[in-house]
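Side chains are part of it too, since the values below use all heavy atoms of this structure and drop only hydrogens, waters and symmetry mates. As the structure is a prediction and not an experimental result, all values here were calculated from the model. Read the numbers this way: they start at 1 and go in the same order the structure lists the ligands and their atoms.
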Amino acid sequence: MTQPDREQVLSALNTIKDPVSGAGLSDAGLVRGLVLSPDRVGFMLEVPRDQVNLYGPVRAEAERMLAGLPGIKKAQVVLTAETEAPVQTPKAAKLSPQAADQNRPKAPVASSRPAHVKRVIVVGSGKGGVGKSTVALSLALALKGLGLRVGLLDADIYGPSAPLMLGVTTPPAFGPEKMMIPPQAFGLKVNSVGFLVDADQAMIWRGPMASQALNQLLTQTLWGTEAEPLDVLVVDMPPGTGDVQLTLTQKTMIDGAVVVSTPQEMALIDARRAITLFEKTSVKILGIVENMAWLENPVSGEAIYVFGRDGAKILAQNLKVPFLGDVPLDPALRKGSDEAQPLVALEPDGDVAVRFKMIAQAVMAQLD
Ligand SMILES: Nc1ncnc2c1ncn2[C@@H]1O[C@H](COP(=O)(O)OP(=O)(O)OP(=O)(O)O)[C@@H](O)[C@H]1O
Ligand SMILES: [Mg+2]
């Protein structure tokens with residue numbers, strides 16, 4: 001069954017009224033970080049702090065309505081109470097998304113680097129479901145394949161995926177000074193927001209709470225030691241370009257960002273927004289990875305350009321940022337993620353692994 005697209009979801013959300021302005025939720029500018037991945041939809045309902053109680057029923061109604069849309073198996077609406085400014089009026093919501101972003105409150109700037117970590121790179125994209133987690137994990141494994149000590153931090157507050165993709169079920173143990181000792185999988189040190197908060201129970205996530213959780217994962221995990229520091233920490237960012245992402249980029253010393261996009265127009269628009277966010281917060285753009293770039297016809301070997309051709313390459317050229325490489329839509333890659341058997345680790349000489357190796361080399365070249 002086909003899934004509704006972004007526009008359809010936004011117009012469905014407009015059938016629910018914002019109790020304050022009387023406008024539909026989308027028009028009222030309350031829908032943030034909309035994530036549409038195969039069979040899953042979610043967003044953040046961002047409201048002023050003193051009106052959280054008012055929006056509890058709205059959250060529940062939005063979630064019920066989305067879950068009832070054809071093609072959607074799971075819907076998750078997270079209520080956050082970060083904005084102090086009044087809810088945007090329908091007029092304000094007509095501003096471009098970029099302009100709306102500029103009206104957002106600025107997070108305090110005091111960036112720090114996690115202890116015993118030489119480099120932090122983030123993998124982000126404006127759009128959900130483009131393969132950020134897949135790319136973050138595969139890149140981490142490829143970096144490890146280059147002989148580096150690598151960690152993976154799954155920072156996706158909407159739906160942590162690293163524990164599932166790696167089959168890690170035990171949360172980190174606590175060591176001295178309440179530091180978390182990250183579990184290891186396929187040679188990576190792993191920590192996830194999913195270990196810290198039970199996503200199903202934490203439906204009311206205040207933005208600052210999410211930011212605090214991420215900060216805790218970054219700074220209170222024993223990523224390395226004085227003698228054996230981690231060479232690279234790969235952070236799988238939550239989708240979107242909201243305050244959680246903004247705070248993360250401002251509070252943590254980030255050495256660079258990898259932006260993932262499919263060649264599809266909608267994904268490219270969001271990738272551009274992610275790049276703008278990184279630029280605004282002075283995070284170096286390491287480059288763009290084009291994911292799901294084509295599908296190989298298993299009979300003829302011919303490439304089928306499911307989501308259009310070369311969109312991310314052209315975006316990289318236009319924005320004058322490096323193009324790091326492309327990865328096909330490969331059913332084995334998806335299967336490996338679903339079965340906690342990551343393809344890059346299991347078939348290190350296969351086409352996908354070699355592509356990620358080249359991407360890893362291009363990333364390291366940008367960092368040196
Ligand atoms: N190149 C690829 N080939 C085949 N399947 C892929 C590829 N990249 C991602 N997938 C699959 O697409 C789905 C979405 O990918 P993934 O979870 O990595 O995206 P995401 O951007 O992290 O999504 P979210 O926004 O939900 O966090 C997953 O089922 C994943 O296995
Ligand atoms: Mg993800």
In ligand 1, which numbered atoms sit nearer than 4.0 Å to a non-hydrogen atom of [X]?
X: Lys132; result: 18 (O), 19 (O), 20 (P), 21 (O), 22 (O), 24 (P), 25 (O), 27 (O)
X: Asp156; result: 27 (O)
X: Gly128; result: 25 (O)

Could you tell me whether a side-chain N or O of [X] sits under 3.5 Å from a main-chain N or O of [Y], the two making a donor and an acceptor?
X: Ser11; Y: Gln8; result: yes
X: Asp154; Y: Ala162; result: yes
X: Gln3; Y: Gly71; result: no

Minimum non-hydrogen distance to [atom], winning option of [options]:
atom: atom 17 (O) of ligand 1; options: Pro328, Ser133, Pro331; value: Ser133
atom: atom 5 (N) of ligand 1; options: Met292, Arg334, Lys127; value: Arg334
atom: atom 19 (O) of ligand 1; options: Gly131, Gly124, Gly336; value: Gly131
atom: atom 2 (C) of ligand 1; options: Leu333, Val352, Val135; value: Leu333

Show, in sequence, the C-alpha distance, side-chain angles and deciding distance for Gln264 and Val130, and conclude whether the side-chain contact (heavy atoms from CB on, under 4.5 Å) test is met. CA-CA 10 Å; Gln264 210 176 1; Val130 294; over 6 Å; no

Consider every N or O of Val130 and every N or O of ligand 1, then say whether any pair is closer than 3.5 Å.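 Indeed, backbone or side chain, Val130 has an N or O that close.
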
Expected list for residues 131-139: side-chain donor-acceptor pairs under 3.5 angstrom, two or more places apart:
unit_1: Ser133; atom_1: OG; unit_2: Ser161; atom_2: OG; d: 3.0
unit_1: Ser133; atom_1: OG; unit_2: Asp236; atom_2: OD2; d: 2.6
unit_1: Ser138; atom_1: OG; unit_2: Thr134; atom_2: O; d: 2.7

Spell out, yes or no, whether Tyr305 and Ile288 are grouped together once hydrophobic residues are joined by side-chain heavy atoms under 4.5 Å, including indirect joins.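 Tyr305 and Ile288: separate clusters.
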
Test: side chain to side chain donor-acceptor pair (under 3.5 Å). Region: residues 346-363. Which pairs qualify, not counting sequence neighbours?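 Sorted result for residues 346-363: Asp326-Arg355, Asp351-Arg355.
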
Before accepting this row, confirm whether a basic side-chain N of the pair Asp255/Arg113 lies closer than 4.0 Å to the acidic partner's carboxylate O. yes

Quick one: side chains of residues 163-191, donor-acceptor pairs under 3.5 Å with protein atoms, not counting sequence neighbours, listed by atom name and distance.
unit_1: Lys189; atom_1: NZ; unit_2: Trp223; atom_2: O; d: 3.2
unit_1: Asn191; atom_1: ND2; unit_2: Thr221; atom_2: OG1; d: 2.9

What protein N/O/S atoms are found closer than 2.8 Å to the Mg ion (ligand 2)? Ser133 OG

